Each structure stands twice: as C-alpha cells, then as structure tokens.
Amino acid sequence: MAVTIYNTLSRSKEEFKPGAPPLVTFYVCGPTVYDYIHIGNARVFIVFDVIRRYLEYRGYEVKFIQNYTDIDDKMIKRANEQGIKVSELADRFIKAFEEDVAALHVRPADINPKATEHIPQIIELVERLLQNGYAYISEGDVYYDTAKFPEYGRLTKQKQDELLAGARVEPGEKKRSPLDFVLWKQKKEGEPAWESPWGEGRPGWHIECSAMSMHYMNDILDIHAGGTDLIFPHHENEIAQTWGAEKRPLARYWMHAGYLNIEEQKMSKSLGNVLTVRNLLEEHNPLDLRFLILSAHYRSPLNFNAELVVQSRAGRLRLQEMLVNLLAVFDEAGQSSGEQEQKLRSDLEETKNRFVEAMDDDFNTADAIGVLFDLARNCNIYLKEAHPYNSQLLDEVIQFFRQVNDILDIADISVPESLDKEIAEMITRRDQARAEKDFATADQIRDELQSRGIILEDTPHGTRWKRK
RNA sequence: GGCGACAUAGCCAAGUGGUAAGGCAGAGGACUGCAAAUCCUCCAUCCCCGGUUCGAAUCCGGGUGUCGCCUCCA
C-alpha cells in the first residue's frame with residue numbers, strides 16, 4: 001500500500017514516489033503579508049498541515065517550506081495607504097499570520113523564506129533566464145518569453161493560442177506577448193528597490209517561489225502546493241521559470257486545495273464577505289474550524305457559514321468525548337478479557353486499516369473521520385457493556401486516537417484545569433443533596449453551574465464536568 | 001469565446017461498475033430522580049433524458065443547474 005496523490009499536472013491520482021525517500025520536500029505558497037488571513041487562506045494551510053503530518057506518520061521526513069511574499073504591488077499599495085514602509089507592513093502581518101495560524105494548530109514550517117531576503121538569488125535566476133534566451137529586456141523591465149517554452153500551459157491544460165484567446169491586452173504593453181510575465185520590474189518613484197544589472201527595481205511576483213525553492217531544495221521538489229487559483233498563472237509561470245533556468249521540472253506533484261466559499265460565493269473584498277481568521281476566532285473554537293475544513297475532501301469546494309461550524313462542532317465533540325471517556329475509566333481498568341475485548345480489538349484493527357486506507361487515497365480526511373466515528377461508537381458500546389475493562393486494550397485505543405489526533409489535531413485532550421474551589425464545593429454540595437434526594441437543591445446547583453458554562457454529567461463512576 | 005470542476009436525505013459529506021459510509025438535526029425507545037452523555041430503532045435509490053452492461057450514483061452521449069479559471073486573488 002502506498003500514498004496516492006492527485007497530481008494537477010496529470011489530472012489524476014498517482015502513486016507517491018518522492019525523489020529521495022524518506023525525504024520529502026514540500027513547498028506551499030504562503031501569504032502575501034499585506035492583511036490578515038481569511039478562512040479561505042486558512043483552509044489551504046490547514047489542509048497541507050494535515051498532509052504534512054500524515055506523510056510524517058507514514059515514515060517520511062518532510063522538509064516543509066512556506067514563503068512570505070513581502071514585496072509586490074499589493075504590499076506597496078497598502079503600505080502607501082497607511083503611510084508606512086513596506087517592510088513595516090510585512091513585519092506586522094507576518095506576526096499576525098504566525099499568530100492566526102498557530103491558533104489554528106497549524107505547525108510552523110521548517111523554513112519561511114521572505115522574497116526580500118533572497119534578492120541575490122532572484123537576480124541570479126533572472127540572469128540565467130536571460131542567458132538561456134528565455135527572457136528579454138524591455139524598457140528596463142525583464143520579461144519571460146513564453147513563446148520559447150512550448151510546454152507553457154500544460155498545468156493549466158490549455159494551449160498557448162487558447163490562453164492567448166482569453167488574455168487581456170492592455171494598451172502600452174512592453175511585452176512581446178500578452179502571456180509573457182514580468183520577472184524584474186523597473187523602479188517607480190517611491191517604491192522600494194534593489195540594485196540589479198538592469199538598474200534599480202524589484203522582483204515580479206512569480207520569480208520568488210522559483211528562486212527560493214531552488215535555493216533551499218536544490219533539486220526537484222517532491223510536492224508543490226497552493227490554492228486552486230494559483231494554478232494559473234502563478235504555478236504555470238514558476239514551472240516555466242525553473243525550466244528556463246535548469247531544464248528540469250520544478251516539482252513532481254502539484255497539489256491544489258479547493259475554494260472555501262461563503263454562502264456559495266467566493267470571498268472577495270467587493271462582495272464584502274471576507275471572514276478573517278482573527279474575527280472568526282472570537283466566536284469559534286479553532287478546532288471546530290479545523291474539523292469543519294477537514295470534514296470535506298481538500299479538493300472539493302467547501303461552503304462556509306457559522307451554522308456549519310456549530311453543526312460540525314457537535315460531531316467533533318463526539319469524538320473528543322470518546323477519548324475523554326476512555327481516559328476517565330483508564331485507572332480503574334484491569335485485566336479482564338472476553339468476548340467484548342475481542343470485539344473491540346478487532347474493531348480497532350479494522351479502524352486502523354481503514355484510516356490509513358482513506359488517508360493514503362489522496363488524503364481523504366472526510367472518509368477517515370467517518371472511520372473514527374465508527375470506532376467511537378464501538379468504544380462507547382464497550383464502555384457500556386464490558387466492565388471491568390482491560391487496561392491494555394484501553395491503552396491501545398487511546399494510543400491510536402492520540403496518533404490520529406497528532407495528524408488531524410481535532411480533539412482537545414489536555415488535562416482539564418483544576419476547578420475553582422467554589423465550583424468544586426458546589427459539585428460536592430449537589431452530590432450530597434442528591435444523596436439525600438433533595439433534587440430541588442441539586443438541580444438549582446446544576447443550573448447555576450450551567451450558567452457559568454459548566455456542564456455536569458452523572459455517571460456510574462461519579463459526577464463529571466466539562467466546559468460548554 | 002476557451003478550459004475545468006461539481007450536482008448524493010432537512011443540513012454537512014464519503015463512495016467512481018455489484019446493489020447508497022459517517023456526522024448534524026429530527027422521531028421513537030433504553031438508561032437517569034430529572035437531565036446530560038451513551039446505546040438501540042427509524043429517516044435517500046444518488047439533477048433530468050437516453051445508451052452500454054446480467055448489473056450504474058458510479059461508464060458513454062445529450063440536456064439542465066451551480067461554481068471556478070482565462071486579470072490580482074488561497
């Protein structure tokens with residue numbers, strides 16, 4: 001059995017064969033740091049975070065790179081609007097990005113290269129493209145000559161003439177073809193600029209990813225990923241650049257995460273429906289957002305609204321509760337083994353297999369989560385019917401779930417914080433009242449606690465509590 | 001105009017030739033002092049029309065609808 005990945009390049013699922021296993025080089029296009037990230041951005045980062053973790057679970061050593069685009073038109077425009085330097089803007093939103101993404105339990109990349117810190121590598125790449133005849137200088141700008149690269153359009157599945165048919169031609173173009181794209185932009189007044197063989201200027205958007213991935217990986221990337229909208233022109237251009245310089249592909253597998261829509265519509269500033277992670281986290285648990293995103297396949301479009309978050313929360317808590325319940329009875333478990341144990345053990349084995357099968361199949365998290373629900377039910381049945389429990393078996397289930405949670409990161413299994421003394425006393429008082437069949441008092445205390453966000457559960461093993 | 005994706009129950013969502021996973025919501029039941037949690041039961045023939053096949057949600061053709069890319073965009 002092997003991991004299978006849907007490769008945008010071939011539009012089909014392929015067996016995953018990295019160039020130098022167990023190493024996997026994985027580059028995800030990162031944010032342009034001119035604003036807070038929105039939930040659509042978050043989908044991409046969450047999805048590839050999980051894929052990265054799963055590959056590690058499967059024994060690969062993943063080298064994970066995610067860039068920061070800290071110089072481009074949007075950056076300059078925004079910095080000017082705010083009357084600050086581009087670098088200040090970048091610093092501010094890189095920090096915000098790191099905070100938001102950490103809140104969503106997305107693990108930091110191994111390397112976060114910034115475009116502005118790789119100007120020499122970018123210049124060198126542009127020079128090589130010029131030397132190799134894949135680029136030309138036009139009035140101080142340097143452009144990629146797409147006509148020189150017959151493969152241009154392969155990722156997009158369009159021929160050059162088809163792309164040309166839809167291309168927008170602007171007056172005063174300095175390009176030979178509308179498909180050509182800028183590698184180096186001549187400085188305009190008030191813009192940050194760097195010295196180059198072509199005068200002062202700055203890099204075009206697409207060149208940084210090629211330059212930095214080549215600089216840090218120095219070989220074909222195993223996986224290059226991003227949002228669907230990066231297929232054209234961004235990734236198409238990256239492929240062209242790397243080929244022009246190295247005569248080799250940029251990456252083996254191209255992965256693209258589907259859109260996240262708001263009320264069936266794409267998020268956009270003009271529609272005013274952009275939901276930032278920052279705002280959403282004020283109202284929602286980050287794990288609920290994660291769970292919702294992972295409950296659909298990463299390539300499918302995913303609709304998003306607050307109701308869906310609430311709906312998926314209920315399901316997520318079901319899984320979380322299962323684990324909490326297992327942990328709660330673990331200390332009292334013994335050695336018993338019988339039919340119930342056999343049943344659960346075989347359920348567990350089946351679950352493990354099905355989970356890996358689902359994830360191996362192009363990271364089908366939706367299917368994988370479905371498998372976990374089946375395990376949850378079987379565990380609950382065991383907890384209800386077996387008694388006394390088998391501690392080793394419980395441990396195996398707990399370990400499995402912890403492993404899964406290390407990949408998906410959807411359950412909060414941190415040890416509950418100790419209760420306030422006052423609340424603990426209230427629970428004790430209620431237990432006494434219940435023992436004396438003074439249910440009016442007991443219910444009053446329960447209501448009081450509920451208004452403070454504490455839910456009580458009376459189990460055969462005593463009263464448990466949890467936060468709402 | 002070119003290219004592409006998708007259409008599965010009230011909602012979310014797997015399944016890509018062998019007779020519809022799972023979750024949420026809902027109904028009934030068990031458990032409970034009552035709850036909560038949990039368990040049991042119930043709840044779809046897969047947008048439409050043709051075709052291929054012993055057999056199709058799954059393949060092919062034709063519709064309809066939604067969305068996306070072709071311009072910055074995750």
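Fair warning: this is a prediction, and the values are worked out from it, not measured in the lab. Reminder, nothing fancy here: chain letters follow the sequence lines and each chain counts from 1.
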(request) Between B:A20 and B:U45, how far apart are the C1' atoms? Round to whole Å, please. (result) 7 Å

(message) Any salt bridge linking A:Asp35 with A:Lys74? Criterion: basic side-chain nitrogen under 4.0 Å from a carboxylate oxygen.
(response) no

(request) Give the B/S/- string for nucleotides 29-35 of chain B, one per nucleotide from 5' to 3', where a protein heavy atom under 4.0 Å of the base yields B, of only the sugar-phosphate yields S, and otherwise -. (result) ----BBB

(request) Specify the separation, in whole Å, of atom CZ of A:Arg316 and atom C1' of B:C12. (result) 16 Å

(request) Measure from NZ or CZ of A:Arg299 to the centre of the six-membered ring of A:Tyr6, then state whether that distance is under 6.0 Å and the direction lies within 45° of the axis. (result) yes

(request) Determine the interatomic distance between C1' on B:C49 and the same-named atom on B:C40; round to the nearest Å. (result) 42 Å

(request) Could you please name the option among B:C70, B:A21, B:A74 that lies closest to any side-chain atom of A:Asp367? (result) B:A21

(message) B:A14, OP1 or OP2 - any side-chain N/O from A:Ser300 closer than 4.0 Å?
(response) yes

(message) Suppose you measure atom P in B:G18 against the same atom in B:C11; what distance do you get, rounded to whole Å?
(response) 27 Å

(message) Whether the side chain of A:Gln158 and the base of B:C70 hold a donor-acceptor pair under 3.5 Å is what I'd like checked.
(response) no

(message) Distance check needed: B:A25 C1' versus A:Leu317 CG, whole Å only.
(response) 15 Å

(request) Report the distance from atom CZ of A:Arg299 to atom P of B:C69, rounded to the nearest whole Å. (result) 18 Å

(request) Classify the nucleic acid contact of A:Ser312 as base, sugar-phosphate or nothing, counting any heavy atom under 4.0 Å across all strands shown. (result) nothing

(message) Please enumerate all residues that pass ring pair (Phe, Tyr, Trp, His ring centres under 6.0 Å) together with A:Tyr152, with sequence neighbours excluded.
(response) none

(request) Write down the distance separating the P atoms in B:G4 and B:U8, rounded off to the nearest Å. (result) 22 Å

(message) Can you say whether a donor on the side chain of A:His38 sits under 3.5 Å from an acceptor on the base of B:A74, or the other way round?
(response) yes

